[in-house]
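Just follow the structure's listing: the first ligand is 1, and inside any ligand the first atom is 1.
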Amino acid sequence: MKKLADIGLIGLAVMGENLVLNMESHGYTVAVYNRTVAKVDKFVDGRGAGKKFIGAHSIEELCATLERPRKVMMLVKAGDPVDHFIDLVLPHLEPGDIIIDGGNSHFPDTIRRTKYVENKGMLYIGTGVSGGEEGALKGPSIMPGGSPDAWPHVKEIFQSIAAKVESGEACCDWVGEGGAGHFVKMVHNGIEYGDMQIITEAYQLMKELLGMSNDDMHEVFKKWNTGFLDSYLIEITRDILGYKDENGEETVDFILDTAGQKGTGKWTGISALDLGIPLTLIGESVFARCLSAQKDLRVKASKVISGPQAEFKGDKQQFIDDLESALLGAKIISYAQGYNLMMEAASEHGWNLNYGGIALMWRGGCIIRSVFLGDIKKAFDNNPELPNLLLDPFFKEKVEQAQAGWRRVCATAVENGIPVPAMTSALTYFDGFRSERLPANLLQAQRDYFGAHTYERVDKPRGEFFHTNWTGRGGDTASSTYNA
Ligand code: 2AM
């Protein structure tokens with residue numbers, strides 16, 4: 001009898017093709033199917049020629065070629081196509097078989113689909129796959145969540161095709177129940193927005209304030225990439241700044257300054273607002289892209305509104321070193337905030353997230369991969385209950401060391417009228433986070449004044465609420481009394 005396939009894949013676009021080529025190169029037999037069926041033969045006879053692929057021309061045929069429990073992975077356009085394929089596949093499965101969505105689905109959809117598929121007796125996995133087309137082929141970061149019983153059946157395949165860190169560990173582990181995998185992938189993308197934004201702020205300061213050339217900045221990023229900031233995004237920034245086209249022109253200078261976005265940063269921000277988590281750096285990074293996109297309006301404003309003339313007076317090398325500190329401080333804040341969001345989501349949705357494991361999954365293969373994530377893993381290995389990254393002794397010290405230079409950068413940028421929304425909002429968060437007392441006492445007084453919303457007192461136990469008749473008019477009735 002012909003060998004059955006270890007796993008089936010629906011969706012032969014570039015990501016799907018690369019991922020199955022990766023699986024095949026690790027010894028797995030893969031059955032493949034695509035909505036436009038002609039692509040199946042094209043792939044099997046083309047990039048897949050001579051390899052262990054089984055081309056299927058229908059969903060029924062695909063499911064019939066799979067080892068039990070069947071594993072059917074979809075890499076199709078997020079949204080309705082995923083629901084559509086789930087319904088097409090389900091009739092050909094048996095209890096215990098597994099449907100896997102490897103696309104960029106929004107986590108509430110994955111929560112819903114996990115329940116739906118489980119109710120039919122099958123298992124479901126929604127997994128983030130990061131690293132782009134190249135990552136899919138050579139080793140992506142894989143973040144699976146869904147039905148816990150499905151994990152032992154896909155663990156070996158997923159971990160063998162995932163990126164590996166130096167110690168050999170795979171950048172793939174079980175994230176958690178329901179939509180946890182896609183949630184963590186979403187936060188990954190939000191953090192990516194933040195990392196990119198702070199790099200652009202450093203670039204803007206070097207360019208506009210220090211008047212540095214692309215070649216000079218290329219050298220600075222090259223150096224930074226050998227230190228604590230060592231990461232994929234610093235590395236590609238170095239290369240972009242050093243890139244010249246066939247005419248010797250520096251391409252980066254010709255690119256229109258309007259940022260695009262596909263929505264995962266926005267989802268992360270919305271999720272933070274929903275859960276009440278101060279995710280300020282990522283939020284500012286999304287808004288910075290929005291402001292960049294208002295190009296016509298900015299051009300008009302630039303002609304009529306004046307500000308300070310940027311002029312640098314200090315020690316240039318010192319300022320470049322300060323910029324490295326600012327990047328470091330802001331980056332630590334961004335990850336502290338991102339982890340804060342994941343912790344809150346875990347408690348909201350009942351997910352048992354493995355925070356060190358998440359750092360390891362992001363350590364290699366994906367866009368935010370960096371040496372720094374190894375230290376985050378250590379922080380959670382040392383204390384799995386760590387409530388905030390800033391309270392880890394290593395990161396506390398790093399951020400304290402960074403703060404002097406980071407403050408100088410923010411102050412200089414503000415004085416010179418150069419926008420650094422992510423670096424400054426991160427610093428402001430840091431100062432708020434380390435404040436025992438914030439001015440919310442006054443805010444509570446205002447709320448009580450105009451809306452009788454009541455307040456708690458510093459000289460009374462928490463949970464007791466008071467109302468003051470601030471004007472002498474009106475009654476003593478608190479709003480909670482008449483809301484009841
Ligand atoms: P196609 O090759 O038939 O277009 C990435 O776009 C993958 O998602 C492709 O395999 C593509 O199939 C599939 N896809 C895109 N839109 C789809 C839809 N509306 N329904 C089903 N599959 C879709």
Side-chain angles (χ1 to χ4, degrees), residues 5-24 28-49 51 53-66 70-93 97-110 112-114 116-117 120 122 124-138 140-144 146 154 157-158 161 181-182 185-186 189 260-264 267 366-367:
D6 298 295
I7 187 166
L9 180 111
I10 299 173
L12 285 172
V14 187
M15 279 296 282
E17 283 192 5
N18 283 359
L19 205 73
V20 292
L21 284 165
N22 183 353
M23 289 174 180
E24 198 275 345
Y28 297 102
T29 301
V30 188
V32 294
Y33 173 77
N34 192 69
R35 174 181 65 162
T36 310
V37 179
K39 289 191 190 167
V40 175
D41 294 331
K42 190 164 170 263
F43 173 73
V44 174
D45 299 333
R47 293 180 80 196
K51 299 189 158 85
F53 289 112
I54 300 172
H57 298 96
S58 68
I59 299 275
E60 189 178 1
E61 202 185 321
L62 178 84
C63 295
T65 59
L66 301 177
R70 298 178 183 85
K71 295 166 268 300
V72 181
M73 182 160 185
M74 301 174 289
L75 265 174
V76 297
K77 204 164 151 242
D80 293 338
V82 177
D83 291 303
H84 173 70
F85 277 116
I86 290 174
D87 282 330
L88 288 181
V89 169
L90 276 173
H92 304 288
L93 300 185
D97 287 348
I98 303 159
I99 299 180
I100 304 156
D101 168 22
N104 253 332
S105 295
H106 196 196
F107 75 94
D109 289 333
T110 306
R112 172 177 57 77
R113 289 168 186 149
T114 305
Y116 177 72
V117 171
K120 307 254 175 200
M122 287 23 123
Y124 193 76
I125 289 181
T127 182
V129 179
S130 175
E133 293 165 12
E134 197 186 334
L137 185 63
K138 296 184 181 159
S141 160
I142 308 178
M143 298 155 247
V154 299
I157 302 182
F158 278 17
I161 64 166
H182 275 131
K185 170 64 174 24
M186 178 192 79
N189 285 26
Q261 47 182 321
K262 282 192 171 170
T264 40
W267 288 349
C366 62
I367 305 295

I need the atoms of ligand 1 closer than 4.0 Å to a non-hydrogen atom of [X], numbered in the order shown.
{"X": "V76", "result": "7 (C), 8 (O)"}
{"X": "L12", "result": "10 (O)"}
{"X": "G11", "result": "10 (O)"}

Checklist outcome for this item: Restricting to heavy atoms, the pick from D83, L88, N34 nearest atom 9 (C) of ligand 1 would be N34
Checklist entry - Would you say ligand 1 has an N or O under 3.5 Å from any N or O of H84? => result no
Please tell me whether [X] and [Y] have a donor and an acceptor in their side chains that are separated by less than 3.5 angstrom.
{"X": "K185", "Y": "N104", "answer": "yes"}
{"X": "H182", "Y": "S105", "answer": "no"}
{"X": "D41", "Y": "H57", "answer": "yes"}

Checklist outcome for this item: With heavy atoms and a 4.0 Å threshold, my read on which part of D80 contacts ligand 1 is neither
Checklist entry - How close do I161 and N22 get, heavy atom to heavy atom, and via which atoms? => result O-ND2, 3.0 Å
Item to check | Which atom of M73 lies closest to which atom of G102, heavy atoms considered | outcome: CE-CA, 4.0 Å
Return the residue, atom name and 0.1 Å-rounded distance of the protein heavy atom closest to [atom].
{"atom": "atom 15 (C) of ligand 1", "answer": "K77 CB, 3.7 Å"}
{"atom": "atom 22 (N) of ligand 1", "answer": "F85 CE1, 3.4 Å"}
{"atom": "atom 1 (P) of ligand 1", "answer": "T36 OG1, 3.4 Å"}
{"atom": "atom 5 (C) of ligand 1", "answer": "A13 CB, 3.6 Å"}
{"atom": "atom 20 (N) of ligand 1", "answer": "R35 NH1, 3.4 Å"}
{"atom": "atom 2 (O) of ligand 1", "answer": "K39 NZ, 2.6 Å"}

Next on the checklist: Classify the ring geometry of H106 against W267: parallel below 30°, tilted from 30° to 60°, perpendicular beyond 60°.
Outcome noted: parallel
Checklist outcome for this item: Between F85 and the options I59, V72, I99, L90, the side chain to side chain contact (heavy atoms under 4.5 Å, CB included) test singles out I59
Checklist entry - Going from CD1 on I86 to CG on D101, what distance comes out if it is rounded to the nearest 0.5 angstrom? => result 7.0 Å
